[in-house]
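Since the model is a prediction, treat every value here as computed from it, not as a measurement.
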Amino acid sequence: MKNGILAGVIAMAAVVVASNILVQFLLGDWLTWGAFTYPIAFLVTDLMNRAYGANAARRVIFAGFVVGVICSLIGTQIMLEFGPAVTLRIAIGSGTAFLVAQLVDVLVFDRLRQGHWWRAPLVSSLIGSSLDTALFFTIAFSTWLAFIDPATDVSWANEALPLLGLGPVVPLWASLAVADFGVKLALALVALVPFRLIAGRMRAPN
C-alpha cells in the first residue's frame, strides 16, 4: 500500500474513532462535538480521490467503515444509565449513512474531476453530507423505521418541538438533522482551503 493511501486510512480511522467518542458530548441544544469532526471524513476521501483515484478512495472508505463497525460493537457493550452507549439503530444508521454518503462522494467527485479545482470537492461533499444526514437521522430516530429495533425507545427524539426552537413544530430529531447539516455545509466550504493546500502537494493520478 502506498504511503499516501496508508496515511489516508489512518486519517479516516482517526476521524471515525474521534467522531464516535465526541458524538456523546452535547454542544448546546442541537449539536454534539462529533458534528465538527465527522465532516473531515469527506476531506480525507476527496484528497485520496484527487491524488490516487476513485479506487484508492474507496479502499480508504471501506477501512473507515470497518473501524466504525468495531466502534459500534464496542459501544453496544458499554452500558450507561439508560441503556447501551450505542443502540442497534444508531449502529445501523451510522454505518449505512457513512458507506452510502462516502461512496456517492467518490462517484460525484470522479465525474467532476476535470472541472475547476473547487467544484469536485465542494459538490461531492455537499451531496454526500446531505445523504449522510438524511440517512442517519431517519434510520436512527424516525418512528417509521421502529421495526429495525423495536426494543429501543426513541420517543425522546420524536418529541414535537419548534424547528431549532423557532420554526414549525417537528420531531426533535429533525432539528438535530438540520443543525447537523448546517455544520457540514459550513465545514464543506472551510475544507476547500486545506484541500487546495494539501492537494497541491500530492501527485494526481494519470
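- Smallest separation of non-hydrogen atoms from Val23 and Thr32: O-CG2, 3.2 Å.
- No path of Ile, Leu, Val, Met, Phe, Trp and Tyr side chains, each step under 4.5 Å between heavy atoms, connects Val104 with Met12, placing them in separate hydrophobic clusters.
- Distance alone, capped at 3.5 Å, is enough to place a donor-acceptor pair between the Asn20 side chain and the Val16 backbone.
- Residues Val15 and Ala41 approach most closely at CG1-N, 3.8 Å, considering heavy atoms.
- Using a 30° and 60° split on the angle between ring planes, Tyr38 and Phe98 fall in the perpendicular class, above 60°.
- Hydrophobic clustering (side-chain heavy atoms under 4.5 Å, transitive across Ile, Leu, Val, Met, Phe, Trp, Tyr) groups Leu73 together with Phe62.
- Under a hydrophobic clustering in which Ile, Leu, Val, Met, Phe, Trp and Tyr are joined whenever their side-chain heavy atoms come within less than 4.5 Å, directly or via other members, Phe195 and Leu107 fall into different clusters.
- Distance alone, capped at 3.5 Å, is enough to place a donor-acceptor pair between the Ser175 side chain and the Leu164 backbone.
- Between Phe137 and Phe141, the two ring planes are tilted [angle within 30° to 60°].
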Could you check Leu47 against Tyr52 for side chain to side chain contact (heavy atoms under 4.5 Å, CB included), going step by step and ending with a plain yes or no?
CA-CA 8 Å; Leu47 285 170; Tyr52 303 108; over 6 Å; no
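- Linking ILVMFWY residues whenever their side-chain heavy atoms come closer than 4.5 Å, directly or via other members, leaves Val67 and Val100 in distinct clusters.
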Leu176 vs Asp180, test: side chain to side chain contact (heavy atoms under 4.5 Å, CB included). Steps then yes/no.
CA-CA 6 Å; Leu176 300 178; Asp180 180 81; over 6 Å; no
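- Both Leu22 and Leu187 are part of a single hydrophobic cluster, where members link through side-chain heavy atoms under 4.5 Å apart.
- Checked options Leu172, Val183, Leu163; the residue passing with Trp30 is Leu172 (criterion: side chain to side chain contact (heavy atoms under 4.5 Å, CB included)).
- Here the side chains of Val9 and Met48 are not in contact, with every heavy-atom distance at 4.5 Å or above.
- Smallest separation of non-hydrogen atoms from Val60 and Gly8: CG1-O, 3.5 Å.
- Listed here is the closest heavy atom pair of Asp105 and Phe42: OD2-CD2, 3.4 Å.
- Side chain of Thr37 to backbone of Gly34: a donor-acceptor contact under 3.5 angstrom is found.
- A cation-pi arrangement, defined by a distance under 6.0 Å to the six-membered ring centre and an angle within 45 degrees of its axis, is present between Arg196 and Trp117.
- Across all their heavy atoms, Lys184 and Asp132 have their closest contact at NZ-OD2, 2.5 Å.
- In plain terms, the two heavy atoms of Arg89 and Asp149 that are nearest each other are CG-CB, 3.4 Å.
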Test log, rule side chain to side chain contact (heavy atoms under 4.5 Å, CB included), inputs Leu161 and Val170:
CA-CA 6 Å; Leu161 295 170; Val170 296; over 6 Å; no
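- With a 4.5 Å cut-off on side-chain heavy atoms, Phe136 and Ile90 count as touching.
- Looking only at atom types and distance, the side chain of Arg58 has no donor-acceptor partner in the side chain of Asn49 under 3.5 Å away.
- Taking 4.0 Å as the cut-off between side-chain N and carboxylate O, Asp46 and Arg50 do not count as a salt-bridged pair.
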Quick one, Leu112 with Ser124, criterion side chain to side chain contact (heavy atoms under 4.5 Å, CB included). Give me CA distance, side-chain angles, the key distance, then yes/no.
CA-CA 9 Å; Leu112 301 177; Ser124 63; 6.0 Å; no
